[in-house]
Protein chains: 2
Amino acid sequence: MTDQPDFDIRSFLPYLLNQAAEESSLAFQHHYKQRYGMLRTEWRVLFHLGRYGAMTANAIGTRAKMHKTKISRAVAALEQKRYLTRQKVESDRRHEKLTLTAAGRKVYADLCAVAGTYDAQLLAPFSAEEQALLKRALERLAKL
Amino acid sequence: MTDQPDFDIRSFLPYLLNQAAEESSLAFQHHYKQRYGMLRTEWRVLFHLGRYGAMTANAIGTRAKMHKTKISRAVAALEQKRYLTRQKVESDRRHEKLTLTAAGRKVYADLCAVAGTYDAQLLAPFSAEEQALLKRALERLAKL
DNA sequence: GCTTGTTAGTTACAAATTCAACTATTAGGG
DNA sequence: CCCTAATAGTTGAATTTGTAACTAACAAGC
């Protein structure tokens, strides 16, 4: 029985990352849930379309590392909320180009503003070097 | 319409943390799922009991910031797998003291060893100072 | 132009999580 | 004591997610 009493789950990196991710997303989650009735999958799709312009569901999946079923459902929900429209691509009619509507862009702009200030608030306790290191480390761990 | 085209979701801290958390837990998740048929909630409970000794479900909840229904179900599953036993606390019979069985401690020891090497592997690309900073930052963000 | 294989996206069903209501037990007045 | 409030833990129903099978469209080889 090789016990390792010195190993503490609370310093296990995946655990720590998960705790930090959950805690840090709470306040923002509240915002898009209460105000727009959206799920995390939905605002992610919205953000990607808002930031990178119209694209297919598949392209979002590659960028955001989201499974296609999640995207399919998020897109359906956003379509019903009239935040985006679909358009079959004529050159290959399996693809659908997703485009934000005016309403969708407005929600995107609002959430962007909120996310921006919220992000700054989260990062405030750290120095510029610490912030840079933290982001680089996370990107590396996320294999982005 | 106050667009903020410079705000990128991919550097939004909660998003980054979530991506890193998901990616970094993949390989370990595979291990406890395949080998022991456990869920994340279950190994978390197991780890807490293994590391900090017998305690009540409530105490685990406070430490691990897990909701009591998650814990209740995880404990039921671990009990069925014969990894722990319950015992009503005589001084207050609402509480149940949870104790790992020999089998439970064995699984804990095995997963500890795996987690230990896995953690080291994840941290390997970073210098000692970077590792320390990363952990402090995450603990702070997780409000631990 | 058929067969086979591949890709985009959807849907159905199973598994997991959340939320709210529930039981059982204790604590604190009056 | 009895009534109310609070706490530990469980359970059931509704959401949400994951897995796998599905449709539709295209592509390549023959």
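In the text below, chain A, chain B and the rest are named by the order of the sequence lines, each starting its count at 1.
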Checklist entry - Once you round it to whole Å, what is the distance between P of D:dT19 and NZ of A:K70? => result 10 Å
Checklist outcome for this item: With sequence neighbours left out, the residues meeting salt bridge (charged side-chain N to carboxylate O under 4.0 Å, His left out) with A:K33 are none
Item to check | Residues forming a side chain to side chain donor-acceptor pair (under 3.5 Å) with A:D92, sequence neighbours excluded | outcome: A:R94, A:H95
For nucleotides 8-11 of chain D, tabulate all protein N/O to nucleotide N/O atom pairs closer than 3.5 Å, reporting atom names and distance.
{"unit_1": "D:dA8", "atom_1": "OP2", "unit_2": "B:N58", "atom_2": "ND2", "d": "3.3"}
{"unit_1": "D:dG9", "atom_1": "OP1", "unit_2": "B:E96", "atom_2": "N", "d": "3.2"}
{"unit_1": "D:dG9", "atom_1": "OP2", "unit_2": "B:N58", "atom_2": "N", "d": "2.6"}
{"unit_1": "D:dG9", "atom_1": "N7", "unit_2": "B:K68", "atom_2": "NZ", "d": "3.1"}
{"unit_1": "D:dG9", "atom_1": "O6", "unit_2": "B:K68", "atom_2": "NZ", "d": "3.0"}
{"unit_1": "D:dT10", "atom_1": "OP1", "unit_2": "B:R86", "atom_2": "NH1", "d": "2.3"}
{"unit_1": "D:dT10", "atom_1": "OP2", "unit_2": "B:S72", "atom_2": "OG", "d": "2.6"}
{"unit_1": "D:dT10", "atom_1": "O5'", "unit_2": "B:S72", "atom_2": "OG", "d": "3.3"}

Item to check | Under the side-chain contact (heavy atoms from CB on, under 4.5 Å) test, residues paired with A:S127 that sit two or more places apart | outcome: A:E129, A:E130
Checklist entry - With sequence neighbours left out, what residues match B:A54 under side-chain contact (heavy atoms from CB on, under 4.5 Å)? => result B:K97, B:T99
Item to check | Whichever hydrophobic residues join B:L133 through chains of side-chain contacts under 4.5 Å | outcome: A:L133
Item to check | Proximity to DNA chain C (any heavy atom under 4.0 Å), residues of residues 12-45 of chain A only | outcome: none
Checklist entry - Does any pair with a residue in residues 77-87 of chain A pass side chain to side chain donor-acceptor pair (under 3.5 Å), and if so which ones, sequence neighbours excluded? => result A:E42-A:K81, A:E79-A:R86, A:R86-A:E96
Next on the checklist: Under the rule for ring-ring contact (aromatic ring centres under 6.0 Å, His included), what residues qualify as partners of B:F28, not counting sequence neighbours?
Outcome noted: A:F12, B:Y32, B:W43
Item to check | A:Y52 and B:R10: side chain donor to acceptor below 3.5 Å | outcome: yes
Next on the checklist: Using the salt bridge (charged side-chain N to carboxylate O under 4.0 Å, His left out) criterion, which residues pair with A:K143? Sequence neighbours excluded.
Outcome noted: B:E23
Checklist outcome for this item: Students should find that the nucleotides of DNA chain C closing off the region near chain B, any atom under 4.0 angstrom from a heavy atom, are C:dA16 to C:dT26
Checklist entry - Hey, does A:H67 reach any base, or is it just sugar-phosphate, or nothing, if we go heavy atoms under 4.0 Å? => result base
Checklist entry - Sequence neighbours excluded, which residues qualify as ring-ring contact (aromatic ring centres under 6.0 Å, His included) partners of B:F126? => result none
